[in-house]
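Below is one structure, written out as structure tokens, with a few remarks after it.
Small disclaimer: the values here were computed from a predicted structure and weren't measured. Numbering starts at 1 and runs along the sequence shown.
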Amino acid sequence: MTSGTATATRELAAFLRTRRERLDPLDFGLPPRRGSRRTPGLRREEVADLAGVSTDYIVRLEQGRGLRPSPEVLEALARALRLAPAERGYLFDLAQQRPPHIEKSATTAAPDLARLVDDLSPLPVMLINHRYDILAWNPEMSRLMLDLDALPESQRNCMWLCMLHPQRRDFYVDRERIVREGIADLRAAWAAHPDDTALADLITEFRTGDEEFARLWAMRDVRVTGRGVKAMCHPEVGRVAVRFEVLIPAQDPEQRLVIYRAADDDSQAALDRLCV
């Protein structure tokens with residue numbers, strides 16, 4: 001068993017256990033049992049009944065004993081545990097039951113996408129990969145975030161800037177939500193790219209270097225957020241709220257185009273002042 005496979009097996013075990021423990025038996029119409037439950041959530045035998053597998057099978061999965069569930073079993077587990085779509089994808093990735101990724105991890109911007117980033121000015125736009133490495137950006141995005149041109153390449157990463165850059169700790173108004181969503185997205189990417197040592201090293205750096213990241217990573221939330229609103233405290237123009245959209249090009253699916261638009265009139269005025 002390779003180290004990547006062993007890690008995925010351990011994570012599959014932990015993920016199934018945490019998803020089981022978060023469920024409320026009352027939501028499943030399960031009859032009350034005598035005595036109090038010693039552990040939260042559903043019992044293993046209850047999940048086994050819901051998924052149509054043996055209790056021993058669930059026990060072995062949660063103990064990380066090298067099982068590789070079939071797609072049919074994974075589908076049954078996803079239904080039994082009431083997994084959200086992103087969590088379901090994460091489960092299949094951990095079990096290595098998705099078609100393998102044949103694309104190489106993007107480390108440089110596709111030329112046509114880099115030109116598109118410039119063409120979308122004056123909207124702040126950047127191009128990132130699954131690790132949150134920033135591959136291309138336009139001047140408007142650089143003015144909104146910070147001087148990306150002046151950063152070393154190793155620091156040109158959205159999550160690194162959010163977690164470890166000393167001037168970015170108070171940049172987001174709702175920092176807890178932004179960090180939580182970013183980590184949930186990063187966890188999905190980690191499961192989809194089990195052999196990406198650069199991503200694994202990056203996550204290790206975050207876990208050892210930032211207590212907030214370590215705490216939220218341990219919660220094992222999995223969610224891919226493709227659009228939403230972020231409010232920022234910019235040092236020059238004050239509060240700026242933006243709506244963001246994440247687009248994945250069909251020809252370069254390992255790259256993501258991130259587009260910001262002002263969420264209100266005051267934010268539009270702030271962006272106009274910033275990008276004069």
Side-chain angles (χ1 to χ4, degrees), residues 7-8 10-12 14-24 40-41 78 81-94 124 126 128-134 141 144-146 155-194 196 199-234 239-248 256 258-261 263 267:
T7 299
R10 289 193 299 269
E11 177 57 28
L12 175 63
F15 182 67
L16 289 173
R17 185 171 58 254
T18 58
R19 297 308 92 170
R20 174 175 61 81
E21 292 175 348
R22 75 177 181 176
L23 297 173
D24 187 343
L81 296 171
R82 298 188 177 181
L83 300 184
E87 293 175 320
R88 177 184 173 277
Y90 184 66
L91 177 68
F92 274 71
D93 282 334
L94 289 175
M126 62 181 167
I128 64 175
N129 61 15
H130 67 275
R131 303 186 199 112
Y132 279 116
D133 293 331
I134 305 172
M141 181 61 80
L144 178 61
M145 294 181 64
L146 76 172
Q155 297 179 12
R156 213 174 288 149
N157 176 282
C158 295
M159 188 62 69
W160 192 96
L161 293 174
C162 189
M163 305 307 305
L164 300 180
H165 195 286
Q167 298 176 9
R168 302 276 295 183
R169 300 292 302 184
D170 301 321
F171 185 68
Y172 293 107
V173 174
D174 188 0
R175 175 181 170 82
E176 171 83 9
R177 177 180 64 84
I178 298 299
V179 171
R180 184 187 297 269
E181 289 179 354
I183 292 174
D185 191 296
L186 196 65
R187 181 172 277 281
W190 173 73
H193 301 80
D196 187 342
L199 176 59
D201 291 344
L202 189 65
I203 291 170
T204 298
E205 181 183 2
F206 294 151
R207 292 176 66 186
T208 57
D210 187 271
E211 293 182 358
E212 181 183 23
F213 184 96
R215 173 177 61 84
L216 294 173
W217 181 262
M219 295 177 68
R220 291 184 166 81
D221 288 339
V222 183
R223 183 173 59 254
V224 177
T225 305
R227 64 168 57 95
V229 178
K230 295 180 180 180
M232 311 167 188
C233 296
H234 196 276
R239 187 182 185 279
V240 181
V242 299
R243 298 186 182 279
F244 67 90
E245 192 80 27
V246 182
L247 306 179
I248 300 178
R256 308 178 190 181
V258 183
I259 304 171
Y260 286 173
R261 295 174 294 128
S267 296

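In this structure the side chain of Leu216 reaches within 4.5 angstrom of the side chain of Glu176, judged on heavy atoms. Here the side chains of Asp185 and Tyr132 are in contact, with some heavy-atom distance below 4.5 Å. Taking the side chain as every heavy atom from C-beta outward, Arg223 and Glu181 approach each other to under 4.5 Å. Looking at heavy atoms from C-beta onward, Cys162 lies in side-chain contact with Val179 at the 4.5 angstrom threshold. In this structure the side chain of Leu91 reaches within 4.5 angstrom of the side chain of Leu16, judged on heavy atoms. Inter-residue side-chain proximity for Met219 and Arg22 is flagged as unmet; no heavy-atom pair is nearer than 4.5 Å.
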Between Ser267 and Val242, is the side-chain contact (heavy atoms from CB on, under 4.5 Å) condition met? List the steps.
CA-CA 7 Å; Ser267 296; Val242 299; 5.8 Å; no
Step by step, would you call Leu199 with Leu186 a side-chain contact (heavy atoms from CB on, under 4.5 Å)?
CA-CA 9 Å; Leu199 176 59; Leu186 196 65; 3.8 Å; yes
Evaluate the criterion salt bridge (Lys or Arg N to Asp or Glu O under 4.0 Å) for residue pair Glu212 and Arg169; output intermediate values, then yes/no.
CA-CA 11 Å; Glu212 181 183 23; Arg169 300 292 302 184; 3.6 Å; yes
Does the salt bridge (Lys or Arg N to Asp or Glu O under 4.0 Å) test come out yes or no for Arg215 and Glu211, once each step is laid out?
CA-CA 6 Å; Arg215 173 177 61 84; Glu211 293 182 358; over 6 Å; no
Evaluation steps, side-chain contact (heavy atoms from CB on, under 4.5 Å), between Phe171 and His165
CA-CA 10 Å; Phe171 185 68; His165 195 286; over 6 Å; no
Please assess Tyr90 against Leu83 for the test side-chain contact (heavy atoms from CB on, under 4.5 Å), listing each intermediate value before the final yes or no.
CA-CA 10 Å; Tyr90 184 66; Leu83 300 184; over 6 Å; no
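Between Glu21 and Arg220, none of the side-chain N atoms (NZ, or NE/NH1/NH2) sits under 4.0 Å from a carboxylate O, so this pair counts as no salt bridge.
Ring geometry for His130 versus His193: interplanar angle under 30°, hence parallel rather than tilted (30 to 60°). By the 30° and 60° cut-offs, the orientation of the rings of Phe206 relative to Phe213 is tilted.
Remark: Arg177 CZ is packed, more than 12 non-hydrogen atoms of other residues, nucleotides or ligands lying under 6.0 Å away. In Asp24, the CG atom is crowded: over 12 heavy atoms of neighbouring residues, nucleotides or ligands sit closer than 6.0 Å.
The distance from the CG atom of Asp221 to the CD1 atom of Ile183 is 9.0 Å, given to the nearest 0.5 Å. How far CG of Asn157 is from CD1 of Ile134: 7.0 Å, rounded to the nearest 0.5 Å. Atom CG of Asp196 sits about 9.0 Å away from atom CG of Asp201, to the nearest 0.5 Å. Interatomic distance, Arg20 CZ to Arg82 CZ, rounded to the nearest 0.5 Å: 15.5 Å. Considering OH of Tyr260 and CZ of Arg243, their distance stands at 14.0 Å, rounded to 0.5 Å. Here the CD-CG distance, from Gln167 to Leu161, works out to 10.5 Å after rounding to the nearest 0.5 Å.
For the residue pair Asp93 and Ala188, the shortest heavy atom distance occurs at OD2-O, 4.3 Å. Taking both residues in full, the closest heavy atoms of Phe15 and Val222 are given as CE1-CG2, 4.0 Å, listed atom of the first, atom of the second, then distance. Annotation for Leu94 and Ala8: closest pair O-CB, 3.7 Å, computed over non-hydrogen atoms.
With Arg175 contributing its side chain and Asp170 its backbone, the two residues share no donor-acceptor pair below 3.5 Å.
Of the candidates Met141, Arg156, Arg256, Met126 forms a side-chain contact (heavy atoms from CB on, under 4.5 Å) with just one, namely Met141. In summary, of the residues considered (Met159, Glu205, Met163), a side-chain contact (heavy atoms from CB on, under 4.5 Å) with Asp210 occurs for Met163 alone.
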